[in-house]
Number of protein chains: 2
Amino acid sequence: MGGTSGSGYADKVSRPSPAEDRELHGQVALLLSTRDQRYTAQRRQIVRALAKLGRPATIGELVEAATGVPLSTAYRNLSILGDADVVRRVGGADGFTRFELSEQLSGQHHHHVVCECCGLVIDAATSPTLEAALVETARAIAKANGFDVTEHRLELVGRCTSCRNTAAS
Amino acid sequence: MGGTSGSGYADKVSRPSPAEDRELHGQVALLLSTRDQRYTAQRRQIVRALAKLGRPATIGELVEAATGVPLSTAYRNLSILGDADVVRRVGGADGFTRFELSEQLSGQHHHHVVCECCGLVIDAATSPTLEAALVETARAIAKANGFDVTEHRLELVGRCTSCRNTAAS
DNA sequence: CCGCGATATGAGAATGACTATCACTATAGG
DNA sequence: CCTATAGTGATAGTCATTCTCATATCGCGG
């Protein structure tokens, strides 16, 4: 396991170590070169920001974390990085698109926990039991509806600690 | 078979019978009156359209199905119906918000199958096994991250029949 | 080291889904 | 029937996201 959190089950997905970080940029460069794209300073900044945040981030969070990358460049590069399977778009609970590193780069299949109050999204690992049930369901759905199901996304919706404390609402 | 599809497992959620349809409008009227809202002709049109389509629908689909309801009215009423727990917003795979009747009205807890190609979203029932695993996961997540998880949303992503046939892509 | 063609950048304009505004209309209920 | 209250709908505004294009930078052959 990557950052080896130890507890393993349904825990917050861990942050990359420095060594993994170096490895990460190599992989990104490879993925980009496959599509005749350069790994420029701005793109590196964005990837670094994504890795540092360790959770699906909004454009606002990204341009803040990636110093000196303007909005238009961030959007364009996020789109390119998405085409190269470096980045995945995550539909937020609020109306904000969020971005995270693809699972082949972050290294772990995971799902999301969403705060319905502030829109915060964090990663969460799954259990083998859940995954087995999901795969089984996907197969049944595909059979029943003629869909070719290739992927599943799970969102646990609730309220984060700070929102629960701040507003009673 | 009225609302009960028989096959039961991971099957397409069934359409309401005429009797259930009458019942539906009664429930909507009740939910609205609780919040001092009227069940007007336009709102009835929208609810009818949602029930008829039987899957998460975009604004475009709704104004087309609900004859004579202009865009602004549709948006406003969808928002009001949302506050009254009559409709639920569903974040589409493409950038389009979709709307469906709430589970207490459509009568069945279900998940969604999304076509990554054309954006079509259809309902799909779950299995007890999956639900048990989901609840278990939610509990673990809540414990690990301090989140108060109250709901889960599952999306199976793939390709619908017509998209698979039309474009090879 | 120089230059050239291709690619990336970034500031600002354009797009488009969604929301707010507001004069007008319809409804409830005394 | 009259008045208060709520709903309607055309239009204007908002704002995230995308497009445009002149400029800057990169890779690479000479």
Side-chain angles (χ1 to χ4, degrees), chain A residues 25 28-49 56-84 86-100 118-119 121, chain B residues 25 28-49 56-84 86-100 118-119 121:
Chain A
H25 290 296
V28 173
L30 184 61
L31 283 168
L32 282 172
S33 69
T34 304
R35 302 182 66 101
D36 291 307
Q37 302 278 0
R38 300 171 189 162
Y39 196 20
T40 66
Q42 286 88 341
R43 290 172 190 175
R44 193 177 292 261
Q45 286 269 51
I46 290 170
V47 170
R48 211 189 314 262
T58 62
I59 288 279
E61 293 171 325
L62 287 177
V63 294
E64 187 175 8
T67 325
V69 178
L71 210 59
S72 61
T73 299
Y75 271 118
R76 175 162 22 80
N77 282 335
L78 248 359
S79 170
I80 287 164
L81 291 167
D83 290 343
V86 173
V87 164
R88 188 170 75 153
R89 301 175 99 92
V90 178
D94 43 11
F96 294 81
T97 304
R98 284 155 201 268
F99 304 88
E100 68 175 358
C118 69
V121 182
Chain B
H25 290 297
V28 173
L30 184 61
L31 283 168
L32 282 173
S33 70
T34 303
R35 302 182 65 102
D36 290 306
Q37 302 279 1
R38 299 171 189 162
Y39 195 21
T40 66
Q42 287 90 339
R43 291 173 189 175
R44 192 176 293 261
Q45 285 269 51
I46 291 170
V47 169
R48 211 188 313 263
T58 63
I59 287 277
E61 293 171 325
L62 287 177
V63 293
E64 188 175 6
T67 325
V69 178
L71 210 58
S72 62
T73 299
Y75 271 119
R76 176 163 22 79
N77 283 334
L78 249 357
S79 170
I80 287 164
L81 290 167
D83 290 343
V86 173
V87 311
R88 187 170 75 153
R89 301 175 100 92
V90 178
D94 43 10
F96 295 80
T97 304
R98 283 153 201 270
F99 303 88
E100 68 176 358
C118 68
V121 182

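Each chain gets a letter, A, B and so on, in the order its sequence line appears, and its residues count up from 1.
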task = Using the side-chain contact (heavy atoms from CB on, under 4.5 Å) rule, pick out the option among L81(B), L78(B), I46(B), T58(B) that qualifies with F99(B).
result = L78(B)
Whole-Å distance separating the CG atom of N77(A) from the C1' atom of dT25(D) = 14 Å
message = I want to verify a distance call: between dC18(C), dT17(D), dA8(C), whose nearest atom is closest to the L71(A) side chain?
response = dT17(D)
key: Rounded interatomic separation in angstrom, taking CD1 from I80(A) and P from dT7(C)   = 12 Å
inquiry  = Taking V90(A)'s backbone N and O only, do any of them form a donor-acceptor pair with E100(A)'s side chain (distance below 3.5 Å, no angle check)?
reply    = no
query = NA contact type, T97(A), heavy-atom cut-off 4.0 Å: base, sugar-phosphate, or nothing?
reply = sugar-phosphate
message = Nearest to the side chain of R43(A), heavy atoms from C-beta on, is which of dT9(C), dT18(D), dC18(C)?
response = dT9(C)
task = Measure from the side chain of R76(B), starting at C-beta and using heavy atoms only, and say which of dT19(C), dT17(D), dG9(D) lies closest.
result = dG9(D)
inquiry  = As a quick check of understanding, evaluate side chain to side chain contact (heavy atoms under 4.5 Å, CB included) for R44(A) and H25(A), giving each step before the final call.
reply    = CA-CA 8 Å; R44(A) 193 177 292 261; H25(A) 290 296; 3.8 Å; yes
query = What is the nucleic acid contact for T73(B), judged by heavy atoms within less than 4.0 Å: base, sugar-phosphate only, or nothing?
reply = base
Nucleotide nearest Y75(B) (side chain, heavy atoms from C-beta), chosen from dA6(D), dC18(C), dT18(D) = dC18(C)
note = Rounded to whole Å, CG of D36(A) lies from C1' of dT7(C) at a distance of 11 Å
ask   = Roughly, in whole Å, what's the span from CG in D83(A) to P in dA8(C)?
value = 12 Å
inquiry  = Let's see if you can work this out: which of dT17(D), dG10(C), dA8(C) has an atom nearest to the side-chain heavy atoms of R38(A)?
reply    = dA8(C)
task = Mark yes or no for whether Q37(A), through its side chain, and I80(A), through its backbone, hold a donor-acceptor pair below 3.5 Å.
result = no
task = Could you tell me the separation between the CZ atom of R35(B) and the C1' atom of dG7(D), rounded to a whole number of Å?
result = 17 Å
query = For dT9(C), does either OP1 or OP2 sit under 4.0 Å from a side-chain N or O belonging to T40(A)?
reply = yes
note = Rounded to whole Å, CD1 of I46(B) lies from C1' of dG9(D) at a distance of 12 Å
ask   = What is the distance from CD of Q37(A) to C1' of dC26(D), rounded to the nearest Å?
value = 13 Å
task = Check every strand shown and say whether S72(A) touches a base, only sugar-phosphate, or nothing at a heavy-atom separation below 4.0 Å.
result = base
query = Within this structure, what is the CZ-to-C1' distance between R98(B) and dA17(C), rounded to whole angstrom?
reply = 13 Å
ask   = Hey, are the side chains of D83(A) and R35(A) touching, using non-hydrogen atoms and a 4.5 Å cut-off?
value = yes
ask   = Taking only side-chain nitrogens and oxygens of Q42(B), does any of them come within less than 4.0 Å of OP1 or OP2 of dG9(D)?
value = yes
